[in-house]
Amino acid sequence: MSELPTTYRPADVEPAVLERWLDSRAFHAVPDADGESYAILIPPPNVTAALHLGHALNNTLQDVLVRHHRMLGRNALWMPGTDHAGIATQTVVDRRLQQEAEPSLTDYKQLEEQGQGGREQFVAKVQAWKDEYEAAITDQLKRMGCSCDYERQRFTMDPVCAAAVREAFFQLFKDGLIYRGKRLVNWDPVTQTALADDEVEMREVDGAFWYMKYPIVERDGTETGEHVTVATTRPETMLGDTAVAVNPGDPERKGLIGKLVRLPIVNRVLPIVGDDYVTMPDAESSDVKAKYASGFLKVTPAHDPNDYEIGFRHERTISETARHVLINVMAPDASISTRHGWPEDDHAQADDFLRDELVGKSREAARKLVVDWFKRHDLLEDTRPYRHSVGHSYRSHVPVEPYLSDQWYVAVTAPINRLPDQGTLERTKVPANSLAGLALRAMAPDQKAGADVGDGVTIPGRDRAAVAEDPDKPLKPLGVGEKVWEGHLRFYPSRYARTFQHWHEGIRDWCISRQLWWGHRIPVYLLAFSEDSDFLERFPKYLDAAGVTDRVEIRAPDTTAEPYYVASLDAESDAALEYLARFAGKPLVDTPMAHSRSLVEARGHDFSHLEGLAKEVAQPIFYLEQDLDVLDTWFSSALWPLSTMGWPRPEDFPDAIPEADKLLETWNPTNVLCTAREIITLWVSRMVMFNLYFSDPDLDPRSTKQRLPFYDVFVHAMIQDGHGQKMSKSLGNGVDPVDIIHSHGADAMRFTLAHMTTHTQDVRLPVDLVCPHTGEIFEPKYITTNGYKVMAPTQESPHAPGSRMVTSYGVSSGQVQASDAMPLARNTSSKFDIGRNFANKLWNAVRFALTRLGEAPPPGGADVDYALADRWILSRLARTVRLANESLSEYEFSRYAQAMYDFVWRDLCDWYIEAVKADLNDRPAARAVLATCVDASLRLLHPAMPFITEKLWEHLNAIVPERGLDQLELPGSEVLVRARWPHVGREWIDEASERSFELIQQIVAAARQVRTEHTVPPRQVVDVSAKAPPAIAQQLLEHTELVGVLANVTPREVGPRVDRPSDAAAAVTGDIELYLHGLIDPELERGRLAKRVEELTSQVDRLQGRLSNENYVSKAPAHLVEQTRNQLAAAQRELEAVQEQLEALA
RNA sequence: GGGCGAUUAGCUCAGUUGGCUAGAGCGCAUCCUUGACGUGGAUGAGGUCACAGGUUCGAGUCCUGUAUCGCCCACCA
């Protein structure tokens, strides 16, 4: 095999192997193929950036599973795709535009306001970014060897997924599970957008507590002369106060509940309400809140989330006096304003100070003015400095303002009226027939706290022994006719089931609207009208006339001024609505409407028949427009298991979905979802709810159509950097897997990642740099920003002073750019050495096997004359196959990797190959066994290390086309990716041979130890004799050659009565005394034997102690006591022998 | 504030129903350029399993508490 280099060079192998897989469409799955279906959906990576090692881990594990099941003969599909990641992507693109001093979001917003299509232009920019990163991500996946069906790749905003989003939204809307409501959002007053919670940075700020006095008044408004003192960090929001709260358990203050106060400046009358949210003051308390509290809490529902809750708990009381619960006192730029939700009848009664001084001022200015006003009027009791954390916008870095706005919601705890009322679930108030109820009922009962495991539902579970024996036929998790969604969702590790359960038990309605441009625009049209009250009655007729038949209309119940919502389902209806909106609708508010007719018509719809209607509709003053917001990214991700399979109508997309027929039936549910724990709530939960809800259009509780999106959820560790910080894009400490592929190879990376995957939460991965000038690896310099340790943006080469480079952190944070003089340094990590070394070891083992087998191929026949080593390695192989099956079926990747490592390196290379090296040419059996072991090793390792095994398979096929032993079939396959997983039955486990071989190993180790100690050159052959009890001596005599080869000794006498030659060094191991002739060195001897005496003495003491403990003898299991006795006897015998040897030396 | 996890050899980590004389890889020390592999081979040193109690014949493993680090969720008048 001269063409195989002596070290494995991944870069020479990987591209060709990948090409071979892709050319042969080895990853493509079709519904009608043979084998039970098996499917995994990729958690679609965000198109915000390229993948990092966290993704590499996630995808490696999925690939291990998919490749394993494909080899088990199952019809395996791994569905790839990417997520549009609304907020994240929009922000990343905007930031990049800003960095490059190009027109950015604020500029496009201006364009949009001027009616110049800014929205479309900006979305095009994001689309370009998406195209770039989607391609990069796909390339990375391929280079990692991920066996995704790339012909089926989806994107959460492509037409197929968009159709699913529309259908899902419409169904929910029709069922009354989508509604519109007000809510406080995190508002960034500078960029004037709402922010997601995770876009809010908490920062410690030096602020103050102000103690402000509100006068108590009688019903008729006269002041009593008394006052209450509220404590606040935000005095300016007092303008929007609609109540004052005290704790009803507060003995000093509860008497004031029901009294009234007059709000200074505004002159609004507020009720004092009792609410146990209020902290009672306690100057001595360690609780900061209690320490600063006054006992009176000002309630500002429109400007504080907690106050919002309190406000609505006391809605009636507040309405009686303050009239309005919600009073918004700010404009979108956070300046004081009476025009954004502050009713006229309320602010009219305010002091002139409000209009003359406050209105139009910023929050900060207003704060000062309000405080001064209170001071001037002797209503400021105290000011105390206070350091607290305040949410800041991560984009504009100003404090976020809780700001009231209209949002769309999915009602997750409302009963689904298509399902019969089944009451509420135990322990919770969640109705069983709600979305959250469905999710809770889907949990495996044995993983669910408070569930009655014994009641009705059978838990399929897994029989580990059965899986180990025969993984080809894994136990099906479902019984015929069972309601599939009752109790089969299973988490690995099981602790994550609790996270899932708690989340659903305390779940709140899901806000699905986002004030963004990048995403699925909410498919709802808002109609507002005024003056012509008949219009509302006529409008449905217009819709009918326009052909918008398949629609749902919702009219806000309370007031005619509120909008009226229409959602349509089919494309034709939707286009008609859009047409009406664009040509007939006149905006009541300042929204842009400059769209071209061609845009609609370009989609192939003809609306000439609507022109007359449009004119008629346009007569009254009304406003019809599609909602400006987009859907939460998770809305489309929640549909991933359905949309990727073409739901609801795959036949609509013949070009986008190959072999669309039966896609859903075949691969929904999928088998396992493989993900990190951070999105159990955000994503897993919602997929479960949606898949159950949408998989059966009738939601018939007796049907078996309701399907889970997946049965198993495997949650793997998060990769942290060397400092224990999460590896993430936003932190800029992510490592590109391609860097590791450069330094170590894809297989090495994959093997190491699998090897790291235990059931723990986090794994740490220290990162080094590769100097682009010299190629050497060094530890980078770090800096600290925002409390995080990150690589300094630029680094100096440690051994080429003056040569500089930039780091990926420097580039991703926009601080530096790579250039010829300062190239980008790739990352690497010595963590991956284990994988690289292992790949190299495998390479060389197979290389060796191929040379020898090439000279004299193994026989094919049945009459094989096995030697001990042959039987031993086959037994080890059988155990390894079992261990691999068992581990992989339980998602224990580390155990699988470790088993492979031990078998290939320790058993096969260190012992078996060394044992048979010399007589491979003479013994056909050894050749057959070696070929078998190599073949099986490649198969077993293929899921973890696909490239190298595929390459070696090619060579193995060329040189040894016929492999396998009698009754151990290894069916041939041209490509390994499609080969069968080895089946080595338990009949190959040979305990007698294992014991015999272990005895040999023990003796060889002892002999080597003595040799090393006496510094015998490795090549020098030493005569050795041994004294051992007859049975053992007999075994040894049968295998003297084996010992001779492995320890490089010449065996002489073996027997129960062998004497120690006077010039021999002695070693005692178990019941065997080993004499290595010609090595006498009393000093060394004495030292070693004395040490052994010490070890044995302490062991004997310990064992004797245990046995002299009556409780142990009586209470411990009998076999353990027996074992202890045997151990003691053995230790005593050995101790005696050692002492004898020691005395003989004296 | 609620929940979860970690703490085992210099480093990174195993240790799944308590039976352990606590393992691996890297690193370290000594030796070996032996025809598969120096990304290798042989041998060795290195740990009171974070701390304090408890349960048990027996605790790295179970329970309680403490400390430190990390993550998730909620929130900070």
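Every chain is numbered from 1, with letters handed out A, B, ... down the list of sequences.
Rounded to whole Å, the separation between the C1' atoms of B/rG54 and B/rU12 comes to 33 Å. Using atom P as the reference point in both B/rU39 and B/rU34, the two lie 14 Å apart (nearest Å). Comparing the C1' positions of B/rA6 and B/rU66 gives an interatomic distance of 16 Å, to the nearest angstrom. The same atom, P, is picked in B/rU68 and in B/rU48; the two are 23 Å apart, to the nearest Å. Separating the P atom of B/rG47 from that of B/rG23 is a span of 13 Å, rounded to the nearest Å. For the P atoms, the distance linking B/rG25 with B/rA14 amounts to 16 Å, nearest Å. Nucleotides B/rU55 and B/rC63 are separated by 7 Å at their C1' atoms, to the nearest Å.
We find that CG of A/N840 is positioned 8 Å from P of B/rU39, with the value rounded to whole Å. Whole-Å rounding puts the A/R764 CZ to B/rC13 P distance at 6 Å.
Among the protein residues, A/D833 comes within range of no part of the nucleic acid, since none of its heavy atoms lies under 4.0 Å from any strand. Across all strands shown, A/R1011 has no heavy atoms under 4.0 Å from either base or sugar-phosphate atoms. No contact: A/V230 has no heavy atom under 4.0 Å from any strand. A/R495 comes within 4.0 angstrom of the backbone, heavy atoms only, and of no base. Nucleic acid contact class of A/S830 (heavy atoms, under 4.0 Å, all strands): none. A/W905 comes within 4.0 angstrom of sugar-phosphate atoms only, judged by non-hydrogen atoms across all strands, and of no base.
Across all strands shown, B/rG70 is found opposite B/rC4 as a Watson-Crick or G-U wobble partner, with both distances under 3.5 Å. Using the Watson-Crick or G-U wobble rule with both distances under 3.5 Å, B/rG35 pairs with nothing in any strand shown. B/rA42 and B/rU30 make up a base pair, with Watson-Crick or G-U wobble contacts both under 3.5 Å. With both pairing distances under 3.5 Å, B/rG25 is matched to B/rC11 as a Watson-Crick or G-U wobble pair.
One N or O donor and one acceptor, one from the side chain of A/E892 and one from the base of B/rU16, sit under 3.5 Å apart. The base of B/rU16 sits within donor-acceptor range of the side chain of A/R895, with an N or O pair under 3.5 Å. Under 3.5 Å, the side chain of A/Q1009 and the base of B/rU43 form no donor-acceptor pair of N or O atoms. Under 3.5 Å, the side chain of A/E914 and the base of B/rA36 form at least one donor-acceptor pair of N or O atoms.
One finds no salt bridge joining A/E1013 and A/R1008 here, because no Lys/Arg side-chain nitrogen approaches an Asp/Glu carboxylate oxygen to under 4.0 Å. With respect to A/R1092 and A/E1094, no salt bridge is recorded, no charged nitrogen being found less than 4.0 Å from a carboxylate O.
Within a 6.0 Å sphere centred on CD of A/E779, heavy atoms belonging to other residues, nucleotides or ligands number 12 at most.
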Can A/R895 and A/L888 be said to form a side chain to side chain contact (heavy atoms under 4.5 Å, CB included), step by step?
CA-CA 8 Å; A/R895 258 184 7 130; A/L888 288 176; over 6 Å; no
Could you walk me through whether A/M749 and A/R836 pass the side chain to side chain contact (heavy atoms under 4.5 Å, CB included) test, one step at a time?
CA-CA 8 Å; A/M749 178 181 77; A/R836 183 197 55 193; over 6 Å; no
